[in-house]
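Working notes, beginning with the structure itself.
Letters A, B, ... are given to chains in the order of the sequence lines, protein chains preceding strands, and every chain is numbered from 1.
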Amino acid sequence: MLDINLIRQNPEEIVAMLHNRQLGSEEPKLRKLLDLDKERKELVARSDDQKALRNKVSKEVADIKKSGAGSAEELIVQMKTVAEEISVMDTRLSTLEEEMENILLGLPNKLHDSVPIGRSAEENVIFKEGVSFEHRLDFPVKNHLELGKSLRILDFERGAKISGAGFPVYIGKGARLERALINFMLDCHTERHGYTEVFPPFFVNRESLRGTGQWPKFADQVYHMQEDDLYAIPTAEVPVTNLHRGEMLDAKSLPISYAAYSACFRREAGSYGKDTRGFLRVHQFNKVEMVKFTRPEESYAALEEIRESAEAILVALKIPYRVLLLCSGDISANATKCYDIEVWSPAEQKYLEASSCSNFEDYQARRSNIRFKPDGKSKPEFVHTLNGSGLATSRLMVSLMEHYQTAEGSIKVPEVLRPYTGFDEITQAAE
RNA sequence: GGAGAGGUGGCCGAGCGGCUGAAGGCAACGGUUUGCUAAACCGUCAUAGUCUGUCAAGGGCUAUCGAGGGUUCGAAUCCCUCCCUCUCCGCCA
């Protein structure tokens, strides 16, 4: 959520931002917000005046009653009218404020100066060119679906039977490999990158979704359990960032860094027909997420740290990747700056998104009221929140399986994962 | 699911119709004292909106005691609904 003061002071800057994000159509909402704000201000002034009067007279009534000198009847009758006026104004006021809040919650975040201006994904900037590692693939490569099936480690058909399309099943060494990846990534972030591990709930309430910005904008992408009014998390970012919702953090505790494994659930409504095969688009996947809470002046350095920690996983696994700096037209509404890390798929012959590292500045902190006192005496400030996937396993698994396949149709286990899997290779005989 | 207790500032905790934005304590911050540390003592210490003021210091007004309604001239305090926490019982794991 943007600071209303910022919008008041410099509405044209916000309008420019909307256009840069290819959201020019939102402009009327912004204008509406400013109108409502003006009306609210006038109304508040009038209401406050009447309240001041009421408070003053109420004290007089108290004095009269206490001293027993004379009757307060006339004053009381007068104040009944005043109270009614106040109630009418306050009713209107709460409608106004609700409308404003709704608009405000729907407005995207500012953009950082370093974000390239562009219309769509085609104009994203390559921040780091393909980082490659040697893999001998001098034979017709199989894709992850073929490998998964022939080695009997992935079963999309049965997943579809028991749940629906997009709910993959890992079997045998496939399941073990998946678990190895998750454990390796968590260990890496906690032991080498200084993160504290969190194992969060997978269902959250609506306040949590609102806190991180998935509500109301992406409400249709989230699974909802109607009975209990709970939502399946689309990413661990939601529960982990909301860990400190409504809290005043100790300045000495910053920066706070959490790494969390979670399953992630996404409806992916409206995205059928594109990249839908196998792991390329799923409703449930596994991810290790990094979340940071920092002082405002430290957040951009922290973003680079998160990106580097995510890259470190790929380097350790020797999986070819590149890093994109998302342009203004492609970056998500909540972020001020975002890097995408994409892994190469030899079978698909293209890059697949495996991580997104974003700075939200105070956008989420303002929504979820996460503050700190910069030093003992000064006013509370909002922290900056950031997060990055480190990483999502599904696309990573695609790239891993494809790169580590052999001419015989087996899959070698990357060196660093072997202590976690307990085996070096997945062969036909696996079961 | 049933019965009870409770939700107050950064934290703990008093208050239970007007003098309470809220006692007291802790923490924090500034200072005095001190060989250093500690202790002691003094002082300062909520947030937001709005008006005023030299876009200053400061001051005025308003709101906020889990959330939302209600009663009342006036609510942290009384009533209703909801949410949450704790204890006991039951049920399931």
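- Under the 4.0 Å criterion applied to side-chain N and carboxylate O atoms, A/Glu42 and A/Arg46 are not assigned as salt-bridge partners.
- In this structure, A/Asp220 does not pair ionically with A/Arg267, as no charged nitrogen and carboxylate oxygen lie closer than 4.0 Å.
- When the P atom is used for both B/rA75 and B/rU64, the distance is 8 Å, rounded to whole Å.
- Rounded to whole Å, the distance from CD on A/Gln50 to P on B/rU50 is 19 Å.
- Nucleotides B/rG17 and B/rC29 have their P atoms positioned 39 Å apart, rounded to a whole Å.
- Listed pair A/Arg371 / B/rA48 fails the phosphate criterion, with no side-chain N or O lying under 4.0 Å from OP1 or OP2.
- With respect to the salt-bridge test (charged N to carboxylate O, under 4.0 angstrom), the residues A/Arg31 and A/Glu12 qualify.
- Rounded to a whole Å, the CG atom of A/Asp229 is 15 Å from the C1' atom of B/rA67.
- When the P atom is used for both B/rG9 and B/rA48, the distance is 16 Å, rounded to whole Å.
- In summary, A/Glu381 and A/Arg371 do not engage in a salt bridge, as defined by a charged side-chain N under 4.0 Å from a carboxylate O.
- The same atom, P, is picked in B/rG4 and in B/rA93; the two are 28 Å apart, to the nearest Å.
- The interatomic distance linking A/Asn205 (CG) with B/rC84 (P) rounds to 9 Å, in whole Å.
- Put simply, CG on A/Asp250 is 14 Å from P on B/rG10, counting in whole angstrom units.
- Shown here are the side chain to side chain donor-acceptor pair (under 3.5 Å) partners of A/Gln214, two or more places apart in sequence or in another chain: A/Thr212.
- Taking the C1' atoms as reference points, B/rA14 lies 26 Å from B/rU72, given to the whole Å.
- The list of salt bridge (charged side-chain N to carboxylate O under 4.0 Å, His left out) pairs with a residue in residues 70-99 of chain A, not counting sequence neighbours, reads A/Lys32-A/Glu99, A/Glu39-A/Arg92, A/Arg40-A/Glu97, A/Lys51-A/Asp90.
- Using a 4.0 Å cut-off on heavy atoms, the residues of residues 31-47 of chain A that approach RNA chain B are A/Arg40, A/Lys41, listed by number.
- Ring orientation note: the planes of A/His189 and A/His193 are tilted relative to one another, at an angle of 30° to 60°.
- Contact annotation: A/Asn5 reaches the phosphate of B/rG49 (side-chain N/O to OP1 or OP2, under 4.0 Å).
- Listed pair A/Lys379 / B/rA48 meets the phosphate criterion, a side-chain N or O lying under 4.0 Å from OP1 or OP2.
- Under 4.0 angstrom from either OP1 or OP2 of B/rA63 there lies at least one side-chain N or O belonging to A/Asn55.
- Straight-line distance between the C1' atoms of B/rG53 and B/rG58: roughly 8 Å, to the nearest whole Å.
- Across the interface with RNA chain B, nearest-nucleotide mapping of A/Pro380 and A/Lys252 shows A/Lys252 to be the residue nearer the 5′ end.
- Comparing the C1' positions of B/rG21 and B/rC65 gives an interatomic distance of 9 Å, to the nearest angstrom.
- The nearest heavy atom of RNA chain B to A/Val77 and to A/Asp3 marks one nucleotide each, and the one closer to the 5' end goes with A/Asp3.
- For A/Met1 and B/rA48, the CE to P distance is 13 Å, given to the nearest whole Å.
- Taking only side-chain nitrogens and oxygens, A/Arg8 comes nearer than 4.0 Å to OP1 or OP2 of B/rU50.
- Remark: RNA chain B takes part in the stems B:1-7 with B:83-89, B:10-12 with B:24-26, B:28-32 with B:40-44, B:46-52 with B:58-64, B:66-70 with B:78-82, each of 3 or more antiparallel Watson-Crick or G-U pairs, criterion distances under 3.5 Å.
- In this structure, A/Tyr231 and A/His224 have parallel ring planes: the angle between them is below the 30° cut-off, well short of the 60° mark.
- Atoms CD (A/Glu97) and C1' (B/rG68) sit 15 Å apart, rounded to a whole Å.
- Comment: A/Glu342 does not engage A/Arg395 in a salt bridge, judged by the lack of any side-chain N to carboxylate O separation of less than 4.0 angstrom.
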Restricting both atoms to N or O, compile the protein contacts to nucleotides 17-19 of chain B shorter than 3.5 Å, with distance only.
{"residue": "B/rG18", "atom": "N2", "partner": "A/Ser58", "partner atom": "O", "Å": "3.0"}

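- Rounded to whole Å, the separation between the C1' atoms of B/rA57 and B/rU52 comes to 13 Å.
- Pairs passing the salt bridge (charged side-chain N to carboxylate O under 4.0 Å, His left out) check and including a residue from residues 189-206 of chain A, sequence neighbours excluded, read A/Arg206-A/Asp229.
- Salt-bridge check for A/Lys29 with A/Glu26: passed, with a basic side-chain N closer than 4.0 Å to an acidic carboxylate O.
- Atom P of nucleotide B/rU47 and atom CD of A/Glu247 are separated by 18 Å, given to the nearest angstrom.
- Rounded to whole Å, atom C1' of B/rC73 lies 7 Å from atom CE of A/Met79.
- By the 30° and 60° cut-offs, the orientation of the rings of A/Phe167 relative to A/His283 is tilted.
- For the pair A/Lys173 and A/Phe423, the cation-pi criterion (under 6.0 Å, within 45° of the ring axis) is fulfilled.
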